[in-house]
Trainee: 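Please see the structure below; I have some questions.
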Number of protein chains: 2
Amino acid sequence: MSESVSPPAPAGTGPSGRPRRSDATRTAILTAARERFAAEGYERATIRAIAKDARIDPSMVMRYYGSKEGLFAAACVFDLHLPNLDGTPSQDVGRTLVNHFLDMWEENEVLTALLRVGVTNTAAAERMQEIFKEQLLPVVRQASPDAGAPARAALVASQILGMALTRYVLRFPVTVALSREEIVDWLAPTVQRYLTADKP
Amino acid sequence: MSESVSPPAPAGTGPSGRPRRSDATRTAILTAARERFAAEGYERATIRAIAKDARIDPSMVMRYYGSKEGLFAAACVFDLHLPNLDGTPSQDVGRTLVNHFLDMWEENEVLTALLRVGVTNTAAAERMQEIFKEQLLPVVRQASPDAGAPARAALVASQILGMALTRYVLRFPVTVALSREEIVDWLAPTVQRYLTADKP
DNA sequence: CCTGTTGGTCAACGCTTGTTGGCTAACGTA
DNA sequence: TACGTTAGCCAACAAGCGTTGACCAACAGG
């Protein structure tokens with residue numbers, strides 16, 4: 001928690017600093033870390049392997065990110081970029097959301113990393129929960145302004161994360177073989193119902 | 001794969017042998033292993049910790065199960081005990097299945113272990129896939145006899161596993177707080193639709 | 001009673017892990 | 001040019017891991 005005095009490493013991005021000479025290395029480490037965490041989870045993604053991917057010494061990782069936990073925290077800053085659904089016809093919000101989530105999952109490995117690590121790492125699980133709470137919940141409130149929004153968001157998350165789990169993490173062959181269109185056609189009505197249907 | 005000749009340990013349950021004196025220890029190890037794997041995943045569940053839980057020496061685990069992988073394989077033999085849906089009115093199969101899965105997840109930690117480990121361990125992921133293929137797929141075929149049964153089973157799995165993930169593994173507070181009835185009321189129509197609705 | 005088999009402990013092995021500190025060399029200003 | 005700062009490598013540490021083999025104690029059958 002406390003910053004040590006003597007080492008010159010600022011430990012985080014200097015808020016008002018100009019670009020440092022080591023920024024390339026820093027992002028190389030971060031990129032390698034994301035790939036490894038996403039592919040192998042927390043324990044199997046070793047600092048040594050990440051450093052080798054980034055073509056630097058393992059000790060550099062410690063210098064720039066303090067510890068493995070610090071590295072993971074830095075690697076998992078993430079924004080879902082959920083679209084504003086104001087202009088979307090209310091019967092299309094389910095389809096729009098499912099499409100957006102699939103995009104997010106396929107273009108960005110941070111979500112896979114977060115899911116793979118969160119299963120064994122409490123900090124990552126809480127981080128994931130925060131993301132869904134802070135980013136999905138407001139959208140859900142917009143789509144269904146009754147008091148049950150948190151529960152509706154949780155239901156949406158269960159279906160979205162279940163699809164991500166079986167398709168991108170566990171990689172069930174049948175699920176992987178489904179086309180984007182099939183997935184959207186099947187999941188959109190589910191999400192739509194969780195968002196807008198009366199409580200059963 | 002090959003049984004070594006000299007050591008007297010039969011390595012597996014003797015198919016025609018009478019009960020051994022060490023059976024109590026064997027099951028103690030297996031119970032402890034299931035708990036640890038379910039709670040912490042593969043890498044964090046150390047043989048030493050499992051042995052301590054079972055109040056025996058770590059080397060016993062090796063003697064009885066050969067290796068950590070062997071122990072995990074033995075700990076994850078599992079039967080979903082899916083009910084025969086022949087006598088169930090066809091509009092109730094969704095509700096019946098959701099209820100059954102929730103029962104399974106709450107009374108047996110093997111599923112949690114399998115999910116937590118499968119996320120980082122290919123063998124466990126394949127094991128989970130087998131279970132769903134061999135045990136869920138036939139039930140799905142029974143409920144929807146068209147050619148799309150594998151895809152329908154995959155969709156059901158995505159929703160069931162997503163709920164299990166967020167409720168029993170990631171433990172999202174809102175999801176944990178949902179009552180059994182709420183979950184069933186919301187998820188049953190989803191599963192029902194995946195099983196019996198026309199392809200969208 | 002003896003003797004082979006089984007159940008169990010103990011101490012150590014080789015290896016990998018995260019982490020540390022000291023050293024060199026390049027940079028950038030004064 | 002001189003010198004403090006930064007970027008980077010190297011070698012090592014302590015701890016924990018799965019795994020092994022030697023050794024002891026309790027049992028069972030002749």
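All figures in this text were calculated on a predicted structure; none of them were measured in a lab. Excluded from the calculations below are hydrogen atoms, water molecules and symmetry mates; all remaining heavy atoms, backbone and side chain alike, are included.
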Trainee: Which word best sums up how the rings of B:Phe101 and B:Phe132 line up, parallel for under 30°, tilted for 30 to 60°, or perpendicular for over 60°?
Mentor: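 If you compare the ring of B:Phe101 with that of B:Phe132, the planes turn out parallel.
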Trainee: Using atom OH of B:Tyr65 as one end and atom C1' of D:dT20 as the other, report the distance to the nearest whole Å.
Mentor: 20 Å
Trainee: Can you measure B:Ile47 atom CD1 to C:dT16 atom P for me and round it to whole angstrom units?
Mentor: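 It is 17 Å, rounded to the nearest whole Å.
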Trainee: If I take atom CZ in residue A:Arg26 and atom C1' in nucleotide D:dG8, what distance separates them, rounded to the nearest angstrom?
Mentor: 13 Å
Trainee: Rounded to whole angstroms, how far apart are CZ on A:Arg21 and P on D:dT5?
Mentor: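 Checked: the CZ to P distance equals 13 Å.
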Trainee: May I ask you to say whether A:Lys199 pairs ionically with B:Glu182, meaning some side-chain N is under 4.0 Å from a carboxylate O?
Mentor: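 Here A:Lys199 does not pair with B:Glu182 in a salt bridge, since their nearest N and O are not under 4.0 Å apart.
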Trainee: Donor-acceptor check, side chain of A:His100 to backbone of A:Leu80, threshold 3.5 angstrom: yes or no?
Mentor: yes
Trainee: In whole angstrom, give the distance that lies between atom CD of B:Glu43 and atom C1' of C:dT16.
Mentor: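 Going from CD in B:Glu43 over to C1' in C:dT16 covers 13 Å.
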Trainee: Between A:Ile56 and B:Tyr42, which has a closest nucleotide on DNA chain D that is more 5'?
Mentor: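 In this pair, the answer is A:Ile56.
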Trainee: Roughly how many Å is it from CZ in A:Phe72 to P in C:dG18, rounded to a whole number?
Mentor: 14 Å
Trainee: Tell me: CE of B:Met60 to P of C:dC10, nearest whole Å?
Mentor: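 Checked: the CE to P distance equals 12 Å.
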Trainee: Report yes if a side-chain nitrogen or oxygen of B:Thr25 is closer than 4.0 Å to either non-bridging phosphate oxygen (OP1 or OP2) of C:dG8; otherwise report no.
Mentor: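 B:Thr25 to C:dG8 OP1/OP2: side-chain N or O found under 4.0 Å.
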Trainee: Tell me yes or no: between the side chains of A:Glu43 and B:Tyr42, is some donor less than 3.5 Å from an acceptor?
Mentor: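 There is no such pair (donor and acceptor under 3.5 Å, judged by atom type) between the side chains of A:Glu43 and B:Tyr42.
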Trainee: Closest to the B:Thr46 side chain: D:dG18, D:dG8, C:dG8?
Mentor: D:dG18
Trainee: Give the C-alpha distance, both sets of side-chain angles, the deciding distance and a yes or no for side chain to side chain contact (heavy atoms under 4.5 Å, CB included) between B:Gln91 and B:Thr196.
Mentor: CA-CA 9 Å; B:Gln91 77 273 11; B:Thr196 60; over 6 Å; no
Trainee: Side chain of A:Met62 only, please: which of D:dT19, C:dT9, C:dT20 is the nearest?
Mentor: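 The listed nucleotide nearest to A:Met62's side chain is C:dT20.
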Trainee: Could you tell me how far apart B:Lys68 (NZ) and D:dC17 (C1') are, to the nearest whole angstrom?
Mentor: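 Nearest whole value for this atom pair: 8 Å.
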Trainee: Which nucleotide wins on minimum distance to the side chain of B:Asp57, given the candidates D:dA7, C:dT9, C:dG8?
Mentor: C:dT9
Trainee: Hey, does A:Ser59 reach any base, or is it just sugar-phosphate, or nothing, if we go heavy atoms under 4.0 Å?
Mentor: base
Trainee: State whether the distance check finds a donor on one side and an acceptor on the other, under 3.5 Å, for side chain B:Arg48 versus base D:dG18.
Mentor: yes
